[in-house]
Amino acid sequence: MPYPIEYKRGKSKLIDADRLQLCAQAIALEEMLKVEIKAGALYYKETNRREEVEFSNELRSSVFSMFEEMHNYYRKGYTPLVKPQRGCSSCSLAEICMPVICKHTNVDKYYHEYLEEET
């Protein structure tokens with residue numbers, strides 16, 4: 001039976017971001033493998049600890065709610081602004097997300113100033 005494990009550099013957090021990420025990965029595995037995955041684990045390098053995560057109905061519901069919100073944004077063509085945080089510099093998506101740009105540049109303004117002048 002699959003048992004997803006997500007490795008993190010830091011330590012366990014009070015917010016559910018890591019648990020939600022792991023649950024989303026488990027849901028994807030369930031769809032691909034046609035199995036039910038009841039739990040997984042988060043391993044934190046800073047504390048050298050493994051935290052077991054039960055994929056409860058409540059956690060799954062939160063993941064599906066986030067999926068729905070993401071799909072609604074996509075349908076509307078809306079990209080939410082990102083508020084840069086302390087952890088942004090160590091995030092694996094920092095180069096894609098580029099949160100610092102949001103502090104200085106409005107996407108519409110950028111589009112009109114730089115892309116429209118080429119046409």
Would you say Tyr74 and Phe67 are hydrophobically clustered, going by side-chain heavy atoms of ILVMFWY under 4.5 Å? no

How close do Lys13 and Arg19 get, counting heavy atoms only, and between which atoms? O-NH2, 3.0 Å

Check: residues 36-46 side-chain donor-acceptor pairs under 3.5 Å, at least two apart:
from: Tyr43; atom 1: OH; to: Asn48; atom 2: OD1; distance (Å): 2.3
from: Tyr44; atom 1: OH; to: Asp18; atom 2: OD2; distance (Å): 2.8

Is any side-chain heavy atom of Ser12 closer than 4.5 Å to a side-chain heavy atom of Thr47? no

Partner set under salt bridge (charged side-chain N to carboxylate O under 4.0 Å, His left out) for Arg49, not counting sequence neighbours: none

Do Ile27 and Phe64 have side chains that get closer than 4.5 Å, going by heavy atoms? yes

Under a 3.5 Å threshold, yes or no: a donor from one side chain and an acceptor from the other, between Asn57 and Arg60? no

In one Ile/Leu/Val/Met/Phe/Trp/Tyr side-chain cluster, 4.5 Å: Met70, Tyr73: no

Atom pair CD/CE of Glu30 and Met32 - distance to nearest 0.5 Å: 10.5 Å

Side chains of Ile5 and Tyr7: does their closest heavy-atom pair fall under 4.5 Å? yes

Residues forming a salt bridge (charged side-chain N to carboxylate O under 4.0 Å, His left out) with Glu69, sequence neighbours excluded: none

Are any non-hydrogen side-chain atoms of Cys23 and Val53 less than 4.5 angstrom apart? no

Evaluate Phe55 against Leu22 for side chain to side chain contact (heavy atoms under 4.5 Å, CB included), listing each step before the verdict. CA-CA 9 Å; Phe55 303 132; Leu22 184 67; 3.9 Å; yes

Would a 4.5 Å heavy-atom cut-off, applied to side chains only, mark Leu29 and Val35 as touching? no

With heavy-atom distances below 4.5 Å as the criterion, would you say the side chains of Glu51 and Glu6 are in contact? no

